[in-house]
Amino acid sequence: MVNRFSDAFLLEAERHAAWGAAQLEALTAFLPDGPWTADLPSCRYRQGDLDLRVAVLGTYDEEERSWMWGWANPGLRGTEAVALTGALERYGQAHAIPELTDATVDLAGFDDPRRAAETLAFAGMGVAGAPGYIGVPAGPATRVYFLPDDARAPRTQPDAVSLPRTLLTGAGLIGHSARQVVAGYFDHHGLPQHTEADRITAALPDGSRARVDFDAEGRIAGVRVEARP
């Protein structure tokens with residue numbers, strides 16, 4: 001029984017780790033407390049007094065311990081509610097990532113199937129370029145995951161002060177490739193970067209220069225931000 005994701009998927013998930021962790025933190029702070037409701041035909045999600053346009057990313061069945069992508073849901077296929085997430089299947093086909101092209105992903109062999117489902121949601125959010133995801137209980141043993149598709153959802157910006165914490169947090173989430181985490185973070189923000197054998201450097205929006213060093217095991221050895229001259 002499969003008890004791990006493919007290398008192709010893990011490398012893809014790592015690309016979004018640091019950026020995604022920061023996005024989820026910002027989205028969590030943005031969402032108000034309160035019960036939630038959703039109207040899928042109109043793609044509306046309401047939590048507390050906030051109303052957002054969303055797409056259905058996927059659902060996790062806790063009894064079956066399986067994940068179904070929104071684009072594969074028989075009741076939603078071809079509707080506006082999954083138009084955004086249909087891009088995940090196409091991306092998976094183009095990059096040979098089976099976890100993105102399989103309609104359902106069996107997670108029963110994982111030590112923590114719920115965490116594996118969150119990893120799928122996390123990667124899906126990153127591939128779609130959505131500003132986070134919202135996972136909520138939709139029944140006694142089902143969780144549904146939404147992607148905000150609304151300009152009001154906050155989007156983080158690179159910050160020189162918090163950069164070391166952001167990159168180290170991202171590198172600790174999956175632990176497959178710290179280089180992917182760093183390169184992916186800079187890619188998400190459209191920052192020019194230069195790659196060397198043991199280092200990645202990038203120009204930050206404020207004119208400063210970020211330097212990330214890696215040790216012999218490929219782990220982040222240090223993050224230094226040099227002020228502009």
Side-chain angles (χ1 to χ4, degrees), residues 2-28 57 67 88 91-92 94-100 105 107 110-133 135 155-228:
V2 175
N3 61 3
R4 70 184 300 273
F5 291 120
S6 68
D7 286 340
F9 175 80
L10 290 172
L11 286 172
E12 182 62 33
E14 288 278 41
R15 279 205 321 118
H16 312 296
W19 168 86
Q23 278 297 142
L24 284 176
E25 185 177 327
L27 181 63
T28 299
L57 174 60
W67 169 274
L88 305 182
Y91 186 92
H95 295 84
I97 304 174
E99 289 86 350
L100 298 183
V105 184
L107 303 177
F110 286 76
D111 293 336
D112 188 344
R114 169 69 178 277
R115 181 176 179 182
E118 295 285 335
T119 303
L120 287 166
F122 191 88
M125 169 196 79
V127 172
Y133 68 81
R155 288 188 177 270
T156 61
Q157 299 299 322
D159 174 70
V161 174
S162 62
L163 182 64
R165 178 180 70 87
T166 298
L167 295 180
L168 289 169
T169 297
L173 287 180
I174 298 172
H176 191 66
S177 170
R179 294 184 70 91
Q180 281 283 98
V181 172
V182 174
Y185 178 83
F186 294 142
D187 280 342
H188 265 291
H189 290 293
L191 302 176
Q193 58 182 290
H194 176 68
T195 301
E196 301 176 53
D198 58 353
R199 181 177 304 149
I200 295 177
T201 57
L204 300 181
D206 65 357
S208 59
R209 180 171 172 268
R211 170 177 152 178
V212 184
D213 293 309
F214 302 91
D215 64 19
E217 302 298 322
R219 299 168 298 196
I220 294 178
V223 180
R224 186 169 68 185
V225 177
E226 302 167 345
R228 57 186 175 186

Non-hydrogen atoms of Ala116 and Leu107 that approach each other most closely:
CB-CD2, 4.0 Å
Before you tell me yes or no, could you show the steps for Met125 and Leu24 under side chain to side chain contact (heavy atoms under 4.5 Å, CB included), namely the whole-Å CA-CA distance, both residues' side-chain angles and the distance that decides it to 0.1 Å?
CA-CA 10 Å; Met125 169 196 79; Leu24 284 176; 4.0 Å; yes
Atom OH of Tyr91 and atom CG of Leu100: how far apart are they, to the nearest 0.5 Å?
8.5 Å
From CA spacing to verdict: side chain to side chain contact (heavy atoms under 4.5 Å, CB included), Val181, Leu173
CA-CA 10 Å; Val181 172; Leu173 287 180; over 6 Å; no
Looking only at heavy atoms, which two atoms of Ala8 and Ala96 are closest? And how far apart?
CB-O, 3.8 Å
Show the nearest heavy-atom pair for residues Leu88 and Gly124, with the distance to one decimal.
CD2-O, 3.5 Å
Taking atom CG of Asp213 and atom OG1 of Thr201, what is their separation to the nearest 0.5 Å?
9.5 Å
Give the intermediate values and the outcome of side chain to side chain contact (heavy atoms under 4.5 Å, CB included) for residues Leu10 and Arg4.
CA-CA 9 Å; Leu10 290 172; Arg4 70 184 300 273; 3.5 Å; yes
N/O donor-acceptor pair under 3.5 Å between Glu99 side chain and Val105 backbone
no
When rounded to the nearest 0.5 Å, the distance separating CD of Gln157 from CG of Asp206 is 12.0 Å
Using the side chain to side chain contact (heavy atoms under 4.5 Å, CB included) rule, take Leu27 and Tyr133 through it: C-alpha gap first, then chi angles, then the decisive distance, then the call.
CA-CA 8 Å; Leu27 181 63; Tyr133 68 81; 5.8 Å; no
Identified side-chain contact (heavy atoms from CB on, under 4.5 Å) partner of Val182 from the options Asp187, Val223, Ile220:
Ile220
Determine the minimum heavy-atom distance between Leu167 and Ala18, stating which atoms define it.
CD2-CB, 4.1 Å
Treating Ser208 as the side-chain partner and Leu204 as the backbone partner, does any N or O pair qualify as donor plus acceptor under 3.5 Å?
no
Anything under 30° is parallel, anything over 60° is perpendicular, the rest tilted; go ahead and classify His188 against Trp19.
parallel
Value for CG (Asp7) from NE2 (His176), rounded to nearest 0.5 Å, stands at 4.5 Å
Spatial distance of atom CD1 (Ile174) from atom CD (Glu14) [nearest 0.5 Å]:
4.5 Å
Here the pair of heavy atoms bringing Gly170 nearest to Ala17 is O-CB, 3.4 Å
Interatomic distance, OG1@Thr156 vs OH@Tyr185, rounded to 0.5 Å, equals 6.0 Å
Correct closest heavy-atom pair for Ala21 and Phe122 would be N-CZ, 3.6 Å
Lys/Arg-Asp/Glu bridge criterion (N-O < 4.0 Å) met for Glu118, Arg115:
no
